[in-house]
Amino acid sequence: MRAAILTAYREDLQIDTVPDPACEADGVVLRVLACGICRSDWHGWVGEHPKVKPGAIPGHEYCGEVVEAGPLARWKPGDRVIAPFILACGQCPDCQAGQSTICKSQRVPGFGEPGAYAQYISVPRAHNLARLPEAISPVLAAGLGCRVTTAWHALTGRADLRAGEWLAVHGTGGIGLSALILGRALGARVVVVDVVPEKLSHALSLGAEAAFDAREGDVAARIVEATGGGAHVSIEALGIAATANASIDCLRPLGRHVQVGLPTGHTARMEVHMNAIYMKQLAVYGTRGMPAWRYPSLLDLITRGVVDMSPLIARTVPLSGASAELRAFDGPMPPGVAVIDDFTR
Ligand SMILES: [Zn+2]
Ligand SMILES: [Zn+2]
């Protein structure tokens with residue numbers, strides 16, 4: 001099969017022919033229909049992610065068609081499925097309690113095992129997969145393995161966002177944009193922050209009530225003013241200290257900060273405004289992915305037309321276009337995400 005391989009950090013991925021993947025007993029092999037290009041892939045590409053080594057095939061947000069199913073998998077060839085990026089074991093106490101995102105023996109394609117920047121992918125633990133509804137295109141579904149699900153779980157599974165509350169979103173990349181759209185669907189009032197004017201106007205067109213350029217003045221103070229005392233929930237969707245602190249500072253007392261952005265840097269440590277957390281008695285949540293059993297709650301909203309996630313997708317690219325997209329994460333990005341939908345070129 002054709003696959004894009006990371007041969008050296010920060011170099012173009014090499015498109016090569018590699019052996020087709022083998023099917024595991026509890027898994028499936030998918031013909032990849034689409035795979036999103038995510039900032040998390042960039043973390044691996046620049047060499048910051050401990051599990052991404054030269055020789056890796058990136059790609060963790062994918063959907064596909066089953067071409068082979070192991071004897072223990074309940075899928076059959078021809079089934080179209082969405083994969084959460086976390087493939088949990090399903091057996092351990094955390095999985096049994098429904099908290100599969102913290103499964104200690106989880107497997108994550110693209111991070112320590114071959115990902116979906118390829119024509120085929122072996123997906124073990126196929127019980128994590130969800131059926132791809134007819135009404136959702138593969139390109140849109142690719143985002144349902146990572147950014148959309150992560151935003152959904154951050155808002156509903158962690159911060160418990162309520163209708164009428166103010167939601168601040170710091171960083172309007174794939175996850176931030178998802179949080180805006182889903183937050184609006186939940187009845188929240190949304191303010192967004194970014195440094196790309198085009199993304200700010202895009203967010204306003206999608207229902208944000210205010211959009212602030214972080215390069216212009218004290219963005220947290222402006223959010224506190226715009227929301228009459230601060231946001232109830234704030235999402236950090238980039239992973240750097242400036243946005244993490246703006247998120248903490250823009251909250252009203254008893255507000256909830258959700259750390260969604262994967263912290264950047266080799267140590268991923270940063271200085272945060274702990275006194276604000278103390279004085280305002282804030283809650284600070286970390287979040288990563290979504291337990292697979294929560295898929296129906298999200299897919300139902302999309303297939304019923306309650307929420308339209310299509311503004312999330314900016315462009316589709318062939319496999320050979322992935323390197324340029326990864327490189328682009330070095331700087332500010334235009335609105336929306338890129339998805340690989342052609343694995344022959
Ligand atoms: Zn991702
Ligand atoms: Zn487990």
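The chain is numbered in sequence order, starting from 1. Counting convention: from 1, in listed order, for ligands and their atoms alike.
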message: Which atom name does H60 have for its N/O/S atom nearest to the Zn ion (ligand 1)?
response: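 It is NE2 of H60.
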- prompt: Looking at E61, which of its N, O or S atoms is the nearest one to the Zn ion (ligand 1)?
  reply: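 Closest N, O or S atom of E61 to the Zn ion (ligand 1): OE1.
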Non-hydrogen side-chain atoms of V169 and V191 separated by less than 4.5 Å: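 No, too far: nothing below the 4.5 Å cut-off.
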query: If we only count heavy atoms from C-beta on, is the L238 to H170 side-chain gap below 4.5 Å?
result: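 No. Closest side-chain heavy atoms not under 4.5 Å.
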message: Tell me the angle that SG of C89 and SG of C103 form around the Zn ion (ligand 2), rounded to 10°.
response: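 Nearest ten degrees: 110°.
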task: Confirm or rule out an N/O/S atom of D41, from backbone or side chain, lying less than 2.8 Å from the Zn ion (ligand 1).
output: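 No, D41 does not qualify, because none of its backbone or side-chain N, O or S atoms lies under 2.8 Å.
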query: Does a side-chain N-to-carboxylate-O contact under 4.0 Å join D79 and R74?
result: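 So D79 does not pair with R74 through a salt bridge.
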- request: Go through the side-chain N and O atoms of D26 and H127 and say whether any donor and acceptor fall under 3.5 Å apart.
  value: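 No, H127 and D26 have no side-chain donor paired with an acceptor closer than 3.5 Å.
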